[in-house]
J.: 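Structure incoming, see below.
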Amino acid sequence: MSSHLVILSMLFGAAAGAFLPRIAYRLTVPFGRPARSSCHRCDRQFPSGTGGWIHAGPACCGHGHRPVIVSALLGGVLAVLLGPVPQLPVHLLAAVPGVLLAMIDLGCLRLPDRLVGMLAVVAGLPLALLRPDRIGPALAAGLLIGAAYLAIALLPGRGLGLGDVKLGATLAFLLGFAGWPAVAVGFGTAHLLNGAIATWLLVTRRTRPVPFGPALLLGSCAGLLTAA
Ligand SMILES: [Zn+2]
């Protein structure tokens with residue numbers, strides 16, 4: 001594994017991360033509401049069409065450095081642990097909608113369908129082309145987790161939303177290409193992380209809903225890396 005590969009992966013992460021604040025800001029709205037069309041601090045209207053979405057730097061007012069740092073670090077970690085394999089660019093690309101989903105879920109407890117779909121296509125199609133022999137197990141993992149999470153979501157008061165079900169099924173499908181141990185570690189880690197956060201909130205007597213998306217996404221990274 002060369003340092004060039006790590007630097008290139010970090011640069012890709014940083015460059016992609018620079019474009020995330022505007023998209024995340026516009027999509028961080030309560031369920032059923034349209035995307036934000038203006039900045040709530042200075043009232044400036046965002047340009048209509050794609051020009052209002054594709055924008056490097058802060059969303060409008062404020063800072064935009066956090067997604068750049070997170071995406072760059074994620075790119076570096078993926079490059080170090082996966083090494084020069086054909087799957088590396090796929091996972092670097094998948095990390096872009098992944099970080100975006102985590103940002104939006106942290107902001108408003110929502111995982112937009114279109115972004116989850118984008119993650120499934122951006123990563124699922126090339127993985128299926130690279131490992132056609134793993135399509136069966138990947139689909140089985142996606143169906144298994146999707147069905148289990150749907151059953152949990154339908155139980156009253158379990159705090160699992162349909163967005164979590166769809167993201168869980170998508171991530172299980174993608175991890176399925178890396179093997180069943182990756183699926184087990186990915187989802188085990190996600191539930192451990194979520195449990196730790198819930199316990200911490202309970203101990204500190206804070207009552208607020210915990211988004212599950214970031215734990216699912218981080219857990220999937222752990223699953224992926226154990227399979228590397
Ligand atoms: Zn503004």
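In each ligand, atom 1 is the first atom listed, and ligand 1 is the first ligand listed. Just so it is clear, the model here is predicted, and its values are computed rather than measured.
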J.: Going by the side-chain contact (heavy atoms from CB on, under 4.5 Å) test, name the single residue among Leu130, Asp133, Leu127 that passes it with Phe177.
T.: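 Option passing the side-chain contact (heavy atoms from CB on, under 4.5 Å) with Phe177: Leu127.
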J.: Any idea which heavy atoms bring Leu224 and Leu82 closest together, and the distance?
T.: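 Where Leu224 meets Leu82 most closely, the heavy atoms are O-CD2, 4.3 Å.
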J.: With the Zn ion (ligand 1) as the centre, enumerate protein N/O/S atoms below 2.8 Å in chain and residue order.
T.: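 Cys39 SG, Cys42 SG, Cys60 SG, Cys61 SG, with waters left out.
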J.: Would Arg36 and Phe46 count as a cation-pi pair here, with the cationic atom under 6.0 angstrom from the ring centre and within 45° of the axis?
T.: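 Output no; distance or angle outside limits.
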J.: Just verifying a value: how many Å separate Met103 CE and Arg66 CZ, rounded to the nearest 0.5 Å?
T.: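 Result: 9.0 Å between the selected atoms.
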J.: Without swapping roles, check the side chain of Asp164 against the backbone of Gly161 for a donor-acceptor pair under 3.5 Å.
T.: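 Checking the backbone N and O of Gly161 against the side chain of Asp164, a donor-acceptor pair under 3.5 Å is found.
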J.: Taking Asp105 for its side chain and Gly213 for its backbone only, find out whether a donor-acceptor pair lies under 3.5 Å.
T.: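 At least one qualifying donor-acceptor pair exists.
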